[in-house]
Amino acid sequence: MNWDKWNKKTGRRTVVLGGLAIGAFLSLSVLSPLPVAADTLNDLRLSGALGEAFDGFARARKNSVADFVADVNKKRRAIYAKRAKSQGVPVGQVGRVYASQIREKAPAGTWFLSESGDWSQK
């Protein structure tokens, strides 16, 4: 099988990958990060390592997940800021609205931090 091809228009050599290799690459590299991240978030919620707070941001309940929580909160902050700007309201107000939606959708067993600093489990 000839894997190398010479492109007559560009004068460049390209490598042709078989359909199986491309399919494997797409399934491993492109499609899996989103479901894995969602699964990881819920897994960490259920394990108690990660909790949700009144302000719409996640909290690390175990130091081992601090980097993951920082990444989640960075993404949430961007979403909240965009929504706040479009509606002309403070970011904190948007976060609180999202917090109630997060609470509704979070699996049973998720820990939630109240404004008074108390943790409770759904």
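Heavy-atom basis, side chains included; hydrogens, waters and symmetry copies ignored.
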key: Reported CG-to-CG distance for the pair Leu113 and Asp118, which is rounded to 0.5 angstrom   = 8.0 Å
inquiry  = Filter on salt bridge (Lys or Arg N to Asp or Glu O under 4.0 Å), then keep only pairs touching residues 44-70, sequence neighbours left out; what's left?
reply    = Arg45-Glu52, Glu52-Arg76, Asp55-Arg59
message = Taking side-chain contact (heavy atoms from CB on, under 4.5 Å) as the definition, give me every residue that meets it alongside Ser86, ordered by chain and number, with sequence neighbours left out.
response = Arg83
request  = Check whether any side-chain heavy atom of Phe57 sits under 4.5 Å from a side-chain heavy atom of Val69, and report yes or no.
outcome  = no
request  = Verify the neighbour count for atom NZ of Lys82: are there more than 12 heavy atoms of other residues, nucleotides or ligands below 6.0 Å?
outcome  = no
request  = Quick one: which residue pairs count as a ring-ring contact (aromatic ring centres under 6.0 Å, His included) with a foot in residues 103-122, not counting sequence neighbours?
outcome  = none
task = Rounded to the nearest 0.5 Å, what's the gap from CG on Asn42 to OG1 on Thr110? Could you check?
result = 6.5 Å
Pairing residues for Asn63 by the side-chain hydrogen bond (donor to acceptor under 3.5 Å, both in side chains) criterion, not counting sequence neighbours = none
key: Closest contact, heavy atoms only, Phe68 versus Leu44   = CD2-CD1, 3.5 Å
query = By side-chain hydrogen bond (donor to acceptor under 3.5 Å, both in side chains), which residues pair with Ser64, not counting sequence neighbours?
reply = none
Could you list the donor-acceptor pairs under 3.5 angstrom formed between side-chain atoms of residues 91-109 and any protein atom two or more places apart in sequence or on another chain?
from: Arg96; atom 1: NH1; to: Glu115; atom 2: OE1; distance (Å): 3.2
from: Arg96; atom 1: NH2; to: Glu115; atom 2: OE2; distance (Å): 3.0
from: Ser100; atom 1: OG; to: Val97; atom 2: O; distance (Å): 2.8

